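To start, the structure itself, in structure tokens.
Note that the coordinates shown come from a computational prediction; the quantities given were computed from them, not determined experimentally. Below, chain A is the first sequence line, B the second, and so on; all start at residue 1.
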Amino acid sequence: MERQCLVKWDMSSSSREDAIAELLEKFSFQRTTKELLQTALETRETAQPTIVHEGIAMPHCRSILVDDFMIALGRSRRGIPWPDDIVSVIILFITPVKPTGPSEHMELIKHLAQTLRSGGAEDILAAGSPSEAASILKFIYEGKIPNE
Amino acid sequence: MNKELEKLISLHDLDVMISDLANNDINKQEKKLGLSPDSAVKELRKMRAELASTIDRKHRDMYDRLAGHYGNAVVPVVNLRCSGCLTQLPTAFFASQNRNDQVETCPSCGRFIYWCD
């Protein structure tokens, strides 16, 4: 899965909304785009929190506001209320809406489901550095291809 | 950005979210992640209805017609073209200093258009 990801290793947020905003800050979106993406991600979380494993949340959506995959990993030492659970790892992604349909979005979800279910969830919770966390999910971090 | 345009973009992304979760393959993968996409869809439909009710009737009807006809009612302008029908937009569209400050539609296909930041 050769997708670039950004990492915020020591998150300072103490709420779900702030955590999403903190990760969106990693991207160079204009203010309105950021606000609309924040709304979309919060809407999904309000409908159903995306807790995919104890301690791991995965806010995600597809949007016409992005033209490429936007992936950010976040880690919080003290944990973030989500809001009924506490998460320490966040895998946030936004994928573009393409005329070809949601196949790439589905492939990314499938990749994450397989990785997290095959020990990746425990590994990423125990990861000691941003590059290690990215590598567990087989994402490219700072130009480094996993297992290169 | 015009508030009505913001709502139309949000409505579009909400429709995409609902359609994705109803997609069999995505639904299956979300369940593998321990999520409950079916109950999420129910909640999202309620939220969609709430959002739609705040949109001007004329725009909402247009949105529904366009979404029903094309599958997508809101598209970005890319390389001076409507990315829905790929028609080059008239120069008058680019003369404005206040892009996105009003709800605009593609003169060819009628979709709502917005300029990327």
*May I ask whether B/L51 and B/M62 are part of the same hydrophobic cluster, defined by side-chain heavy atoms of I, L, V, M, F, W, Y residues being less than 4.5 angstrom apart, directly or through others?*
yes

_Atom pair CD1 (B/I9) and OG1 (A/T32), whose distance is rounded to the nearest 0.5 Å_ = 9.0 Å

_Verdict with reasoning, A/M106 to B/Q29, per side-chain contact (heavy atoms from CB on, under 4.5 Å)_ = CA-CA 8 Å; A/M106 198 276 288; B/Q29 294 304 328; 4.0 Å; yes

*Keeping to residues at least two apart or across chains, list the salt bridge (Lys or Arg N to Asp or Glu O under 4.0 Å) pairs with something in residues 110-130 of chain A.*
none

*Using the rule that two of Ile, Leu, Val, Met, Phe, Trp, Tyr join whenever any of their side-chain heavy atoms come within less than 4.5 Å, decide whether A/L137 and A/L125 are in one cluster.*
yes

*Side-chain contact, heavy-atom cut-off 4.5 Å: A/L36 with B/D13?*
no

*For chain B, which residues of residues 55-63 of chain A have at least one non-hydrogen atom nearer than 4.5 Å to it?*
A/M58, A/H60, A/C61, A/R62, A/S63

*Please round to the nearest 0.5 Å and tell me the distance separating atom OG1 of A/T43 and atom CZ of B/R48.*
13.0 Å

_For a 4.5 angstrom cut-off between non-hydrogen side-chain atoms, does A/I64 reach B/V75?_
no

*Enclosure of A/D10 CG (heavy-atom neighbours >12, cutoff 6.0 Å)*: yes

*Toward chain A, the part of B/V74 with a non-hydrogen atom under 4.5 Å*: both

*Can you tell me if CG on A/D67 sees more than 12 non-hydrogen neighbours from other groups inside 6.0 Å?*
no

*Answer with side chain, backbone, both or neither: which region of B/L21 has an atom nearer than 4.5 Å to a non-hydrogen atom of chain A?*
side chain

_Give the interface residues of residues 90-105 of chain A toward chain B, defined by a heavy-atom separation under 4.5 Å._
A/V97, A/P102, A/H105

*Which answer fits B/L44, side chain, backbone, both or neither, if we ask what part of it has an atom under 4.5 Å from a heavy atom of chain A?*
both

*Cluster link B/Y63 to B/I55, ILVMFWY, side chain under 4.5 Å*: yes

_Nearest 0.5 angstrom please: B/H12 NE2 to A/L65 CG, how far?_
9.5 Å

*Shortest non-hydrogen contact between B/A40 and A/A47, atoms and distance*: O-CB, 3.9 Å

*Which pairs count as salt bridge (Lys or Arg N to Asp or Glu O under 4.0 Å) when at least one residue sits in residues 39-54 of chain A, sequence neighbours excluded?*
A/R44-B/E30

_ILVMFWY cluster, B/V78 and B/L86 together (side-chain gap under 4.5 Å)_ = no

_Let's test your reading of the structure: which of B/S36, B/P37, B/S39, B/G71 forms the most heavy-atom pairs below 4.5 Å with chain A?_
B/S36

*Should B/V41 and B/L11 be regarded as members of a common hydrophobic cluster, given that ILVMFWY residues are connected when their side-chain heavy atoms come within less than 4.5 Å of each other, either directly or indirectly?*
yes

*asked:* Is B/D25 close to chain A through its backbone or its side chain, or both, or neither, when contacts mean heavy atoms under 4.5 Å?
replied: both

